[in-house]
There are 2 protein chains.
Amino acid sequence: MARNRVVKRKQSKADISRDKVLAAAVQVFSEKGYAGATMREVARVAGLSAGSLYYYFSSKELMMEAVINVSINNVSKTVLNAIAVQPPSASYSEKIKVAIKAHLQGILSSGANAVISRYLWVQIPDEVKRKHFIAQSAYEEFWLNLLIAAQEAGEIRTDLDVRLTRTIMLSAINAALDWYRPDGKSVDEIAETFFKIIKEGIVISGESDGPALTAPEAKKEATALK
Amino acid sequence: MARNRVVKRKQSKADISRDKVLAAAVQVFSEKGYAGATMREVARVAGLSAGSLYYYFSSKELMMEAVINVSINNVSKTVLNAIAVQPPSASYSEKIKVAIKAHLQGILSSGANAVISRYLWVQIPDEVKRKHFIAQSAYEEFWLNLLIAAQEAGEIRTDLDVRLTRTIMLSAINAALDWYRPDGKSVDEIAETFFKIIKEGIVISGESDGPALTAPEAKKEATALK
DNA sequence: GTCTATATGGTGATAGAC
DNA sequence: GTCTATCACCATATAGAC
């Protein structure tokens with residue numbers, strides 16, 4: 001889109017500055033929130049004057065939209081690509097593992113970018129929100145289909161609601177943005193633990209009140225507590 | 001603390017107004033973010049004039065702090081209480097299930113309150129953040145101890161890092177704040193699915209490449225993708 | 001307690017020189 | 001392209017009447 005000379009040449013001076021501004025915007029928005037971020041601070045971080053920003057983004061809202069767009073497809077492209085290179089012989093379990101790891105790497109490497117679409121969601125102008133929502137939905141659909149296929153292949157339990165499971169899985173992984181620190185566990189270790197828990201759970205096999213079922217069964221559980 | 005006539009009488013007119021302001025603040029902060037929220041709007045929602053707010057909170061920052069404090073201990077009290085009434089005979093698996101359900105109910109019923117401590121975290125003034133952090137840590141410690149006890153009792157796998165598992169579990173449940181809608185699955189259903197996945201995983205028992213282990217074993221997994 | 005001013009400062013955005 | 005001004009507005013917070 002913008003800068004319709006997409007095919008040829010390397011970055012012009014304008015493109016370089018635009019990227020610099022965008023990077024600064026990502027940082028400031030993620031630290032201060034949409035309303036809390038000021039054009040003056042974005043400019044300062046970018047090394048420009050406040051007025052100059054308007055050469056690249058004609059409003060704060062459009063700047064926000066650009067910031068979000070950068071992050072949107074990053075993760076989904078990473079994951080789709082990781083799945084695509086899997087051999088057809090790969091089990092769904094393996095595919096899911098690869099997808100989990102790719103998703104985790106995707107969100108954590110895009111850093112502040114991904115933080116924005118989570119923390120700032122509620123404060124984002126409606127029109128920006130709408131566009132982001134559409135791209136997000138398509139990606140979530142991919143995960144749903146992956147789980148459904150795995151279920152039909154007999155690899156995962158049928159007593160779990162697929163949509164709910166998908167939502168829980170994705171949101172659980174996304175939540176790593178809240179607590180991941182570069183000086184802690186490695187992304188690989190985290191992805192590994194995620195996969196183990198999602199795949200097999202935390203309980204020791206054969207333990208106590210009922211293992212994973214193929215068909216709906218244990219139904220009168222829960223309902224404790226209020 | 002504040003209003004040191006805690007023990008006696010019912011709410012004075014001032015207390016009622018204070019609560020009204022606090023509730024309005026919760027709503028507006030959660031919708032607009034810390035910086036995006038205006039005292040004028042809080043006042044409007046509370047049915048007061050902007051200036052009147054300062055009778056109860058001498059600054060926007062202190063108002064924010066009050067809002068956060070309301071939500072902090074709600075969830076942890078709910079969970080601790082739910083665990084306390086469990087019979088000593090209850091397995092750790094049962095305790096964990098009860099804790100999951102209580103935590104989920106806690107965050108979802110406190111609604112916008114809990115949203116604040118997640119969405120607005122990055123925008124919160126440092127001093128407020130610090131206090132919130134301490135209370136949060138104590139609660140997370142409780143979960144850690146629960147998992148450690150379960151592990152020592154031989155109920156859960158020892159090949160999972162306990163801290164990481166705790167973090168994943170809690171953040172996964174908290175993430176329900178992002179996607180829960182009152183017109184969708186019931187809280188009970190969601191808690192049930194959470195527990196099933198966390199306990200047993202999504203894979204059909206006995207399936208493919210290795211079930212849950214008691215001891216560290218399968219170690220050369222993963223490392224695919226980059 | 002709650003109001004109506006209002007002081008004071010910061011914000012997004014624009015205009016026009018270079 | 002980037003700057004320096006500057007406008008018009010809205011924010012938090014205060015003062016003092018009721």
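Each chain gets a letter, A, B and so on, in the order the sequences are listed, and its residues count up from 1.
Two residues are said to be in side-chain contact when any heavy atoms from C-beta on lie closer than 4.5 Å; B:I156 and B:K199 fail this criterion. A:R157 places a side-chain heavy atom less than 4.5 Å from the side chain of B:E200. When side chains are defined from C-beta on, A:S93 counts as touching A:F195, because their heavy atoms get closer than 4.5 Å. By the 4.5 Å heavy-atom criterion applied to side chains, B:F57 and B:L22 are counted as neighbours. Between B:L53 and B:K60 the shortest side-chain heavy-atom distance does not fall below 4.5 Å.
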Anything under 3.5 Å between a protein N or O and an N or O of nucleotides 2-4 of chain C, put it in a table, one pair a line.
from	atom 1	to	atom 2	distance (Å)
C:dT2	OP1	B:S17	OG	3.1
C:dT2	OP2	B:S17	OG	3.1
C:dT2	OP2	B:Y56	OH	2.3
C:dC3	OP2	B:S49	N	2.6
C:dC3	OP2	B:S49	OG	3.1
C:dC3	OP2	B:S52	OG	2.7

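Atom CZ of B:F57 and atom P of D:dT14 are 15 Å apart (whole Å). The CD1-C1' distance, from B:I16 to C:dG1, rounds to 13 Å in whole Å. At whole-Å resolution of the value, CZ in A:R44 and C1' in C:dT11 are 16 Å apart. Between the OH atom of A:Y54 and the P atom of C:dA13 there is a distance of 4 Å, given to the nearest Å. Atom pair A:F29:CZ and C:dT11:P shows a separation of 13 Å (rounding to whole Å applied). Atom pair B:E41:CD and D:dC10:P shows a separation of 14 Å (rounding to whole Å applied). If you take CG of A:L53 and P of C:dA15, they are 17 Å apart, rounded to a whole angstrom. Atom-to-atom, CD of B:E61 to C1' of D:dA11 comes out at 16 Å; the value is rounded to the nearest Å.
A donor-acceptor contact under 3.5 Å is not formed by the side chain of A:R40 with the base of C:dG10.
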Stepwise side chain to side chain contact (heavy atoms under 4.5 Å, CB included) test for B:L170 and B:R166: CA-CA 6 Å; B:L170 272 184; B:R166 182 270 320 263; 3.9 Å; yes

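The overall bend of the helix from C:dG1-D:dC18 to C:dC18-D:dG1, read as the angle between its terminal helix axes built from five base pairs each, is 10° when rounded to 10 degrees.
In summary, the side chains of A:T167 and B:W179 do not present any donor paired with an acceptor at a separation below 3.5 Å, with no hydrogens or angles considered.
Among the atoms of the strands shown, only primed sugar atoms or phosphate atoms (P, OP1, OP2) are found under 4.0 Å from some heavy atom of B:A37.
Take B:D19 and apply the salt bridge (charged side-chain N to carboxylate O under 4.0 Å, His left out) test, not counting sequence neighbours, and it matches no residue.
A salt bridge is defined here as a Lys NZ or Arg NE, NH1 or NH2 lying under 4.0 Å from an Asp or Glu carboxylate O, and B:R44 with B:E41 meets this definition.
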